[in-house]
Amino acid sequence: MSSAATILHADLDAFYAAVEVRDRPELRGLPVAVGGGVVLSATYEARRFGVSAPIGGAEARRRCPDLVVVPPRFESYVAASRQVMDILDSFTPKVEPISIDEAFLDVAGSVHLFGPPEAIARRIRERVMAEVGLPISIGVATTKHLAKIASRVAKPDGLVVVPAGEEDVFLAPLPVDMVWGIGPVGEERLARYGIHTIGELRALPESTVAAWFGRHWGTHLWRRANNDDRRAVESPGRAGSVGAQSAGDATAVDRRHTTLLALADRVGSRMRRKAVAGRRVTVRVRLDDMTSLSRARVLPGPIAETTPLFMTAVELVDGLITERAAARRITLVGISMSMLEETPHLQLVLPLTGDESETVAGSRRHLRARDLDAAIDRARERFGRPAVVRGSLLRDTLEERSPTEAMEE
DNA sequence: TCTGGGGTCCTAGGACCC
DNA sequence: TCTGGGGTCCTAGGACCC
């Protein structure tokens with residue numbers, strides 16, 4: 001009954017770190033980590049010392065005193081990722097990228113052109129190394145989930161094929177956390193029942209797993225353990241949300257509001273670049289004990305302008321803090337927009353709240369907000385991001401930037 | 001192992017409608 | 001008028017992924 005193994009999962013090894021080593025050959029063979037305050041990626045030499053994402057930089061150096069730490073260069077990673085995705089596209093139109101460094105392929109329709117899936121996987125690996133200079137591991141199997149597990153087993157710089165019919169033998173001895181969706185909490189819960197391998201998980205009645213993890217999710221996990229998750233490889237639709245967050249002390253009101261304005265600005269300009277607008281604003285606050293709280297509001301109409309987004313976010317965050325965390329330290333704030341809709345080029349003036357939009361002054365304010373956003377976006381396109389900074393952000397920008405802020409895009 | 005930023009998906013409960 | 005079932009939308013929180 002099992003169909004042929006034509007699904008590939010291709011996953012670049014230690015991606016950011018590998019790009020750095022490629023561009024600086026003197027780093028080859030050394031323990032290298034990319035990051036600053038936090039390790040984002042580490043070479044296998046560094047991983048032998050227990051250095052892997054996401055541990056703190058100080059902890060990383062403690063574990064590996066000879067560690068070479070390099071700051072990230074995201075433009076190079078994006079460029080390398082595009083090159084690799086282009087190579088994948090040349091073997092089949094059915095490519096589903098799932099992050100900057102990995103993708104699924106369905107090569108069922110390509111075998112008459114390029115040979116069996118295993119041969120295709122081998123050619124992909126050769127080309128990525130020859131043309132991009134990076135090692136890429138590939139898993140080949142009958143389903144996406146199994147192909148993903150196979151590529152993990154193949155790492156580093158390897159190829160693992162799980163032929164049709166041999167799925168059960170392959171899966172049985174692997175630890176449960178290899179299953180997509182089982183993390184530290186799920187692993188711990190299963191361990192309490194004496195379940196450590198996928199084979200043991202599979203031997204349980206489906207109803208038992210459903211009782212432990214909830215009907216929907218439990219059934220899902222049980223199916224995956226049984227290699228019964230046959231979703232097709234699909235080109236991705238557009239993202240369902242756009243968000244930004246910033247770690248750092250935001251307990252003081254003015255500090256918090258400045259951060260929120262910067263975040264609203266970032267989220268707004270990204271939405272406008274993608275030509276989408278969102279109806280739900282969600283804010284998140286993290287407290288000093290690592291717990292987090294969130295508040296969301298659905299607006300009467302979609303927005304993509306910085307100003308109404310900022311005002312809504314301030315209201316939600318300040319309300320949340322007075323209600324739940326008046327005496328706590330705030331270590332992170334975030335804004336996310338969801339319920340996204342595509343926007344035509346010339347969008348209407350969209351109301352923030354009923355009462356404000358009814359006034360002429362309210363409409364003018366929105367018009368001005370939109371014109372200001374457009375002007376800022378245009379100037380940034382022409383002169384680059386740092387050229388245009390909102391007045392209330394200027395004080396912050398002139399201050400020394402924190403290493404984590406300097407790290408991002 | 002307490003640490004970044006960007007996401008997805010699921011659960012549970014409440015409000016509200018018929 | 002306190003009593004059923006079903007559906008939808010929304011909010012808040014949590015686990016997980018890269």
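Throughout, protein chains are lettered first and strands after them, A, B, ... in sequence-line order, and every chain is numbered starting at 1.
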With rounding to whole Å, what would you report as the distance between B:dC17 and C:dG4 at their C1' atoms? 14 Å
When A:Gly243 and A:His216 are each assigned the nearest nucleotide of DNA chain B, the 5'-most assignment goes to A:Gly243
Does any non-hydrogen side-chain atom of A:Val34 lie less than 4.5 Å from one of A:Val19? no
Base, sugar-phosphate alone, or nothing: which one does A:Val242 contact when heavy atoms must sit under 4.0 Å apart? sugar-phosphate
Assign the ring pair A:Tyr77 / A:Phe74 to parallel, tilted or perpendicular, where the plane angle (0 to 90°) is split at 30° and 60°. perpendicular
Within 6.0 angstrom of A:Arg63 CZ, more than 12 heavy atoms from elsewhere: yes
A:Arg284 CZ - B:dT8 P separation (whole Å): 14 Å
Before accepting this row, confirm whether a basic side-chain N of the pair A:Asp11/A:Arg152 lies closer than 4.0 Å to the acidic partner's carboxylate O. no
The criterion is salt bridge (charged side-chain N to carboxylate O under 4.0 Å, His left out); which residues satisfy it with A:Asp106, sequence neighbours excluded? none
Once you round it to whole Å, what is the distance between P of C:dC18 and CG of A:Leu40? 15 Å
Close N/O contacts between protein and nucleotides 15-17 of chain B (under 3.5 Å):
none

Can you name the residues that form a side chain to side chain contact (heavy atoms under 4.5 Å, CB included) with A:Asp157, not counting sequence neighbours? A:Asp13, A:Arg125, A:Pro135
Counting heavy atoms not belonging to A:Arg73, are there more than 12 under 6.0 Å from its CZ? yes
State which residues pass side-chain hydrogen bond (donor to acceptor under 3.5 Å, both in side chains) with A:Arg231; sequence neighbours excluded, sorted by chain then number. A:Asp229
Does NZ belonging to A:Lys94 count more than 12 external heavy atoms closer than 6.0 Å? no
Quick one, give me the B/S/- string for nucleotides 9-14 of chain C, reading 5' to 3', where B means a protein heavy atom under 4.0 Å from the base and S means that only happens at the primed atoms, P, OP1 or OP2. -SBSSS
Which part of the nucleic acid, if any, lies within reach of A:Gly240 when heavy atoms closer than 4.0 Å are counted: base, sugar-phosphate only, or nothing? sugar-phosphate
Are A:Arg22 and A:Val132 close enough that some pair of their side-chain heavy atoms sits under 4.5 Å apart? yes
Pairing stems for DNA chain C [at least three consecutive pairs; Watson-Crick or G-U; under 3.5 angstrom]: B:5-18 with C:5-18
Evaluate the side-chain proximity of A:Ile100 to A:Val78: yes if any heavy-atom separation is below 4.5 Å, no if none is. yes
Nearest-Å distance for atom pair CE/P, residues A:Met271 and B:dG6: 14 Å
Under 4.5 Å between any side-chain heavy atoms of A:Asp228 and A:Trp222, yes or no? no
Over all atoms of both residues, closest heavy-atom pair of A:Arg270 and A:Gly243: NH1-O, 3.1 Å
Results of salt bridge (charged side-chain N to carboxylate O under 4.0 Å, His left out) for A:Glu118 - residues two or more places apart only: A:Arg122
Check side chain to side chain contact (heavy atoms under 4.5 Å, CB included) between A:Leu204 and all other residues, then give those that pass, not counting sequence neighbours. A:Ile195, A:Leu201, A:Val209, A:Trp212
Calculate the interatomic distance between A:Trp180 atom CH2 and B:dT8 atom P; express it in whole Å. 12 Å
Could you give the NZ-to-P distance, from A:Lys144 to C:dC18, as a whole number of Å? 14 Å
Can you tell me the distance, in whole Å, between the CD atom of A:Glu96 and the C1' atom of B:dT8? 13 Å
Strictly under 3.5 Å: I want the nitrogen or oxygen pairs between protein and nucleotides 1-3 of chain B, one per line.
unit_1 : atom_1 : unit_2  : atom_2 : d
B:dT1  : O5'    : A:Arg63 : NH2    : 2.7
B:dT3  : O2     : A:Pro54 : O      : 2.3
B:dT3  : N3     : A:Pro54 : O      : 3.3

Distance test, side-chain N/O of A:Arg266 to OP1/OP2 of B:dG5, below 4.0 Å: no
Presence of salt bridge, A:Arg62 and A:Glu59, under 4.0 angstrom: yes
In whole Å, I'd like the distance from the CG atom of A:Leu12 to the C1' atom of C:dC18. 13 Å
At a heavy-atom distance below 4.0 Å, what parts of residues 181-203 of chain A sit against DNA chain B? none
Taking atom types as modelled, is there a side-chain donor on A:Arg280 or A:Ser338 under 3.5 Å from an acceptor on the other? yes
Closest contact, heavy atoms only, A:Ala5 versus A:Pro117: O-CG, 3.2 Å
Partners meeting side chain to side chain contact (heavy atoms under 4.5 Å, CB included) with A:Arg189 (sequence neighbours left out): A:Arg192, A:Tyr193, A:Phe213
So A:Ala53, base contact, sugar-phosphate only, or nothing? Heavy-atom distance under 4.0 Å. nothing
Counting only non-hydrogen atoms, which of residues 98-107 of chain A are less than 4.0 Å from DNA chain C? A:Ser99, A:Asp101, A:Glu102
